[in-house]
Amino acid sequence: QVQLVESGGGLVQPGGSLRLSCTASGPIFSVNTMRWYRQGPGKEREFVAAITSGGTTHYEDSVKGRFTISRDNAKNTVYLQVNSLKPEDTAVYYCNVNMRTTWFDREYTYWGQGTQVTVSL
């Protein structure tokens, strides 16, 4: 059974930094696009960043220049370096990964359980 486990969240002051991680485990044949989403209090879940299997990255406008997404294919892990944090970045951050578990199966999208990031004095 495939699992996505996130870590790295916490409480940080405005202007601070964190590094979020998400590791996929289980029967994995291939990993395609890996993404981060977030859901703030009372808000809809929103896209934050994505990285393709080839390393192309995409960012939501409000995080450009502050957040950096990267991946380690050997570890099936995606990272999100979050810098210059603002109170409005407070949210549960979720990873979202497109994967195939076998060569003959189609691609499915999996979600992690989320990691809380709180930006406050």
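Everything numeric in this text was worked out from a predicted model, so none of it was measured.
Cation-pi geometry between R35 and F47 is not satisfied (NZ or CZ under 6.0 Å from the ring centre, within 45° of the ring normal).
Summarising the geometry of S53 relative to N32, their closest heavy-atom pair is OG-OD1, 3.6 Å, with the distance given to 0.1 Å. Contact record, D72 with Y79: CB-CE1, 4.0 Å, taken as the closest heavy-atom pair. T52 and R71 make their closest contact through O-NH1, 3.0 Å (heavy atoms, listed as atom of the first residue, atom of the second, distance). What you find for M99 and A24 is that their closest heavy atoms are SD-CB, 3.9 Å. Nearest heavy atom pair, residue Y59 against residue A49, reads CD2-CB, 3.6 Å. Minimum heavy-atom separation, C95 to E6: N-OE2, 2.6 Å.
R45 places no side-chain N or O within 3.5 Å of a backbone atom of Q39 that could act as its donor or acceptor partner. Distance alone, capped at 3.5 Å, places no donor-acceptor pair between the T115 side chain and the S7 backbone. For the pair R66 (side chain) and S84 (backbone), a donor-acceptor distance under 3.5 Å is present. Looking at R38, its side chain never comes within 3.5 Å of a backbone N or O of T90 through a donor-acceptor pair.
Note: F67 and Y93 have tilted aromatic rings, judged against thresholds of 30 and 60 degrees for the angle between ring planes.
With no hydrogens or angles considered, a side-chain donor-acceptor pair links T77 and T23 at under 3.5 Å.
Looking at D89 and K86, no side-chain N of the basic residue comes within less than 4.0 Å of a carboxylate O on the acidic one, giving no salt bridge.
Checking V63, V78, N96, I51 one by one against W36, the side-chain contact (heavy atoms from CB on, under 4.5 Å) holds for a single residue, V78.
Other residues, nucleotides and ligands place more than 12 heavy atoms under 6.0 Å from the CD atom of Q81.
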